[in-house]
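All values below come from the heavy atoms of this structure, side chains included, with hydrogens, waters and symmetry mates left out.
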Amino acid sequence: MSMSKLNLDQNLINRGREAARRIAEDTQKFIDVHSTVAVERTIARLYGIDGVDDAGVPLPNVIVEHVKNAGGLTKGIAYYIANAVINTGLTPQEIAEGVARGEIDICRLPEKPMEEVAAKAQELAIPTVERIKNNRKYREDFIKNIGEGPKPYLYVIVATGNIYEDVIQAQSAARQGADVIAVIRTTGQSLLDYVPYGATTEGFGGTYATQENFRIMRKALDEVGQELGRYIRLCNYCSGLCMPEIAAMGAMERLDVMLNDALYGILFRDINMQRTLVDQFFSRVINGYAGVIINTGEDNYLTTADAVEAAHTVLASQFINEQFALKAGLPEEQMGLGHAFEMDPSLENGFLLELAQAQMAREIFPKAPLKYMPPTKFMTGNIFRGHIQDALFNAISIWTNQGIQLLGMMSEAIHTPFISERALSIENARYVFNNMKSIGDEVEFKKDGIIVNRAKEVLSKAVDLLEEIEREGLFSTIEQGKFGDVKRSRTGGKGLDGVFTKDAEYFNPFIPLMLGGDR
């Protein structure tokens with residue numbers, strides 16, 4: 001790490017990182033012996049199982065529920081699919097369709113030798129793993145041969161509810177200068193314990209995350225990227241009760257960025273903590289292998305807690321998210337650790353405190369493409385003040401070398417932005433980024449000044465919190481409400497009935513294939 005402009009104590013940073021590592025190690029012991037229905041459905045999808053039955057139920061749900069109801073899921077869906085393929089000579093898709101029609105009971109087929117089944121399970125996994133690998137190579141080759149926009153990447157959202165209207169808005173945003181298009185999910189999708197199927201046109205506050213919608217938008221962004229001569233990244237959300245399934249769909253359709261936080265679903269969607277922590281591991285294994293940049297959700301803490309008082313919880317969570325990501329084989333270069341410009345604009349020297357937070361994150365996580373979130377909590381409907389708040393946010397971003405900049409909109413808190421407002425936000429960011437391009441190289445901070453002292457204070461509090469979490473355990477810490485002032489029960493929330501303990505013969509061939517045996 002280069003010399004700290006904030007004169008941060010490297011020994012203190014090391015203490016925080018080591019505490020976070022031990023927290024992750026302790027939690028990983030739980031993760032390694034458990035699976036969930038979402039993980040098993042993900043395995044089914046990675047085996048090529050797709051579509052719905054006559055009642056519209058997704059086939060991955062059908063086949064996993066079939067095995068769960070027979071009491072066999074602790075062995076893992078990979079075992080049953082591979083064993084059925086050996087017994088019937090059918091493809092996984094054909095087997096799932098047979099189960100849906102009631103023609104095949106995969107729990108009653110003769111059990112082939114475990115070595116033979118495991119070998120077949122791995123053989124069946126390889127085509128999808130290769131497909132994901134080729135998607136990553138396509139992205140890398142496109143960027144190498146055609147190019148991409150400079151960092152910070154300009155990140156904007158589309159949220160019409162209709163995937164075909166989203167395409168029009170996304171291509172327009174790309175032509176205006178956007179580098180990342182995030183398709184906001186329809187309200188409440190994170191609480192669905194299944195993934196809807198096909199192209200959709202009736203989302204509310206966003207558009208359903210489906211594999212077909214991913215394919216449609218990926219094709220549209222590739223077309224406009226060729227036109228513009230730069231790669232346009234596509235972002236969606238693999239959080240909620242289908243976190244690993246959406247990661248798999250995104251990897252298969254070449255998404256580039258995924259919202260993928262270890263704690264967000266627990267705190268802000270009341271999804272059971274055991275369920276989320278198991279699901280996030282497999283989702284991150286997939287994202288890591290696919291070359292997807294994950295975005296974590298620390299910005300959300302500052303919507304429920306005060307940004308000045310709770311700043312250290314943001315840093316503590318960044319440390320924890322980093323360590324969980326490393327456990328899943330996700331390199332630092334793919335960790336878009338989140339933070340936000342969310343202090344009350346009436347606060348004296350608030351800009352200096354925001355600058356301290358952003359510079360501190362940049363120094364502590366030097367390789368991470370940090371994702372910086374815009375002011376939202378204190379947007380009032382005064383579009384002129386809002387545009388100025390966004391300009392100050394943009395100034396800090398270029399000053400501290402952020403990686404991904406979710407652009408603020410002047411009409412935040414009024415309505416879904418018009419295309420013209422998005423254009424003004426992109427123009428605002430480009431103006432600030434160009435005029436202040438090298439300010440971070442030119443300006444040093446006053447020793448023992450407001451900025452330096454604030455960063456030291458936040459770091460010290462974060463390390464104290466991490467060491468407290470290490471002593472008490474992550475589950476207990478969440479139960480006490482130490483993140484975002486939100487308390488959650490270990491046995492409460494949604495989805496706990498989908499968590500189970502693996503038996504001794506359980507296997508998931510995609511994890512060793514995607515991790516390469518490193519862990």
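- Between A82 and L124, the shortest heavy-atom contact is CA-CD1, 4.1 Å.
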Legend entry - From CA spacing to verdict: side-chain contact (heavy atoms from CB on, under 4.5 Å), I320, I469: CA-CA 10 Å; I320 291 171; I469 296 169; 4.1 Å; yes
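- Under the 3.5 Å distance criterion, with hydrogens and angles disregarded, no donor-acceptor pair is assigned to the side chains of E322 and Q318.
- The side-chain heavy atoms of D53 and L59, taken from C-beta on, include a pair separated by under 4.5 Å.
- Aromatic rings of Y506 and Y79 (six-membered ring for Trp) have centroids beyond the 6.0 Å cut-off, not under it.
- Shown here for N135 and A251, the closest heavy-atom pair between the two residues is ND2-O, 2.9 Å.
- Between H34 and F30, the ring planes are parallel. Angles under 30° get that label, and only those over 60° would be called perpendicular.
- I216 contributes atom CD1, which lies 10.0 Å from atom CG of D166 (distance to the nearest 0.5 angstrom).
- At distances below 3.5 Å, not a single donor-acceptor pair connects side-chain atoms of E332 with backbone N or O atoms of K367.
- Separation of atoms CG (L255) and CZ (F214) is listed at 5.5 Å; rounding is to 0.5 Å.
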Inset, instruction - Let me see the working for I77 and V39 under side-chain contact (heavy atoms from CB on, under 4.5 Å), right down to the final yes or no. - result: CA-CA 9 Å; I77 198 68; V39 168; over 6 Å; no
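- When all heavy atoms are compared, the tightest approach of F507 to A121 is CE1-CB, 3.4 Å.
- Heavy atoms of other residues, nucleotides or ligands lying less than 6.0 angstrom from NZ of K502 number more than 12.
- No donor-acceptor pair closer than 3.5 Å links the side chain of T296 to the backbone N or O of N321.
- Side-chain contact check for Q93 and T91: no donor-acceptor pair (N or O, by modelled atom type) lies under 3.5 Å.
- The shortest side-chain heavy-atom distance between N287 and C238 falls under the 4.5 Å cut-off.
- Side-chain polar atoms of Y301 and S317 form a donor-acceptor pair below 3.5 angstrom.
- For the pair R275 and D193, the salt-bridge criterion is met [side-chain N within less than 4.0 Å of a carboxylate O].
- At a cut-off of 3.5 Å, with distance as the only test, a side-chain donor of Q169 or R422 sits close to an acceptor on the other residue.
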Legend entry - Chi angles and distances behind the salt bridge (Lys or Arg N to Asp or Glu O under 4.0 Å) call for D256, R136: CA-CA 9 Å; D256 311 283; R136 179 172 187 158; over 6 Å; no
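- Inspection of the T36 and D279 side chains reveals an N or O donor paired with an N or O acceptor under 3.5 Å.
- A distance of 7.0 Å separates CD1 in I419 from CD in Q176, rounded to the nearest 0.5 Å.
- With salt bridges taken as basic N to acidic carboxylate O contacts below 4.0 Å, one links R45 and E245.
- For an aromatic pair to be called close, the ring centres must be under 6.0 Å apart, and Y47 with F510 satisfies this.
- Using a distance-only test at 3.5 Å, with no hydrogens or angles considered, a donor-acceptor pair links the side chain of T477 to the main chain of G473.
- Residues I294 and R284 have side chains in contact (heavy-atom distance under 4.5 Å, counting atoms from C-beta outward).
- A cation-pi contact, defined as under 6.0 Å to the ring centre and within 45° of the axis, links R490 to F475.
- Summarising the geometry, atom OG belonging to S397 is positioned 9.5 Å from atom CG belonging to L370; distances are rounded to the nearest 0.5 Å.
- Using a cut-off of 4.0 Å between Lys/Arg side-chain N and Asp/Glu carboxylate O, E25 and R21 are scored as salt-bridged.
- Put simply, the side chain of L241 does not reach to within 4.5 Å of the side chain of Y194, judged on heavy atoms.
- Between the CD1 atom of I95 and the CD1 atom of I63 there is a distance of 7.0 Å, given to the nearest 0.5 Å.
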Inset, instruction - Would you sort out whether I163 and Y208 count as a side-chain contact (heavy atoms from CB on, under 4.5 Å), showing the intermediate values? - result: CA-CA 8 Å; I163 187 60; Y208 282 99; over 6 Å; no
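- If you check the side chains of D32 and Q28, you find a donor sitting under 3.5 Å from an acceptor.
- Contact check for R230 versus I146: no side-chain heavy atoms found under the 4.5 Å cut-off.
- Between S239 and D261, the side chains place no donor N or O within less than 3.5 Å of an acceptor N or O (distance only, hydrogens not considered).
- No hydrogens or angles considered: nothing links the side chains of N508 and E40 as a donor-acceptor pair under 3.5 Å.
- The heavy-atom pair separating L234 from L221 by the smallest distance is CB-CD1, 3.7 Å.
- Defined by atom type and a distance below 3.5 Å, a donor-acceptor pair is missing between the side-chain atoms of R254 and Y138.
- Using a 3.5 Å distance cut-off with no hydrogens or angles, the side chains of N260 and N295 do not pair a donor with an acceptor.
- Applying the side-chain hydrogen bond (donor to acceptor under 3.5 Å, both in side chains) rule to E103 yields the partners R101; only residues at least two apart in sequence or on another chain are considered.
- Judged purely by distance below 3.5 Å, without hydrogens or angles, the side chains of T376 and E412 never pair a donor atom with an acceptor atom.
- The closest side-chain heavy-atom distance from M273 to E479 is below 4.5 Å.
- The minimum heavy-atom distance between R185 and S190, with the atom names listed, is NH2-CB, 3.3 Å.
- Using a cut-off of 4.0 Å between Lys/Arg side-chain N and Asp/Glu carboxylate O, E140 and K144 are scored as not salt-bridged.
- Put simply, the side chain of V285 does not reach to within 4.5 Å of the side chain of Q280, judged on heavy atoms.
- In this structure, E212 and E253 have side chains that are not in contact, with every pair of non-hydrogen atoms separated by 4.5 Å or more.
- Taking NE2 of H339 as the reference point, atom CG of L302 lies at 10.5 Å (rounded to 0.5 Å).
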Inset, instruction - Check the pair I404, L406 against side-chain contact (heavy atoms from CB on, under 4.5 Å), reporting the backbone distance first and the verdict last. - result: CA-CA 6 Å; I404 302 171; L406 197 161; 6.0 Å; no
Inset, instruction - Go through K377 and E342 one step at a time and tell me if the salt bridge (Lys or Arg N to Asp or Glu O under 4.0 Å) criterion holds. - result: CA-CA 6 Å; K377 188 175 181 178; E342 284 286 21; over 6 Å; no
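- More than 12 heavy atoms of other residues, nucleotides or ligands lie within 6.0 Å of CG in N145, so this atom counts as buried by the packing criterion.
- A salt bridge between E223 and K219 is present, with a side-chain N of the basic residue lying under 4.0 Å from a carboxylate O of the acidic one.
- The two residues N83 and K112 come nearest to each other via the heavy atoms OD1-N, 3.0 Å.
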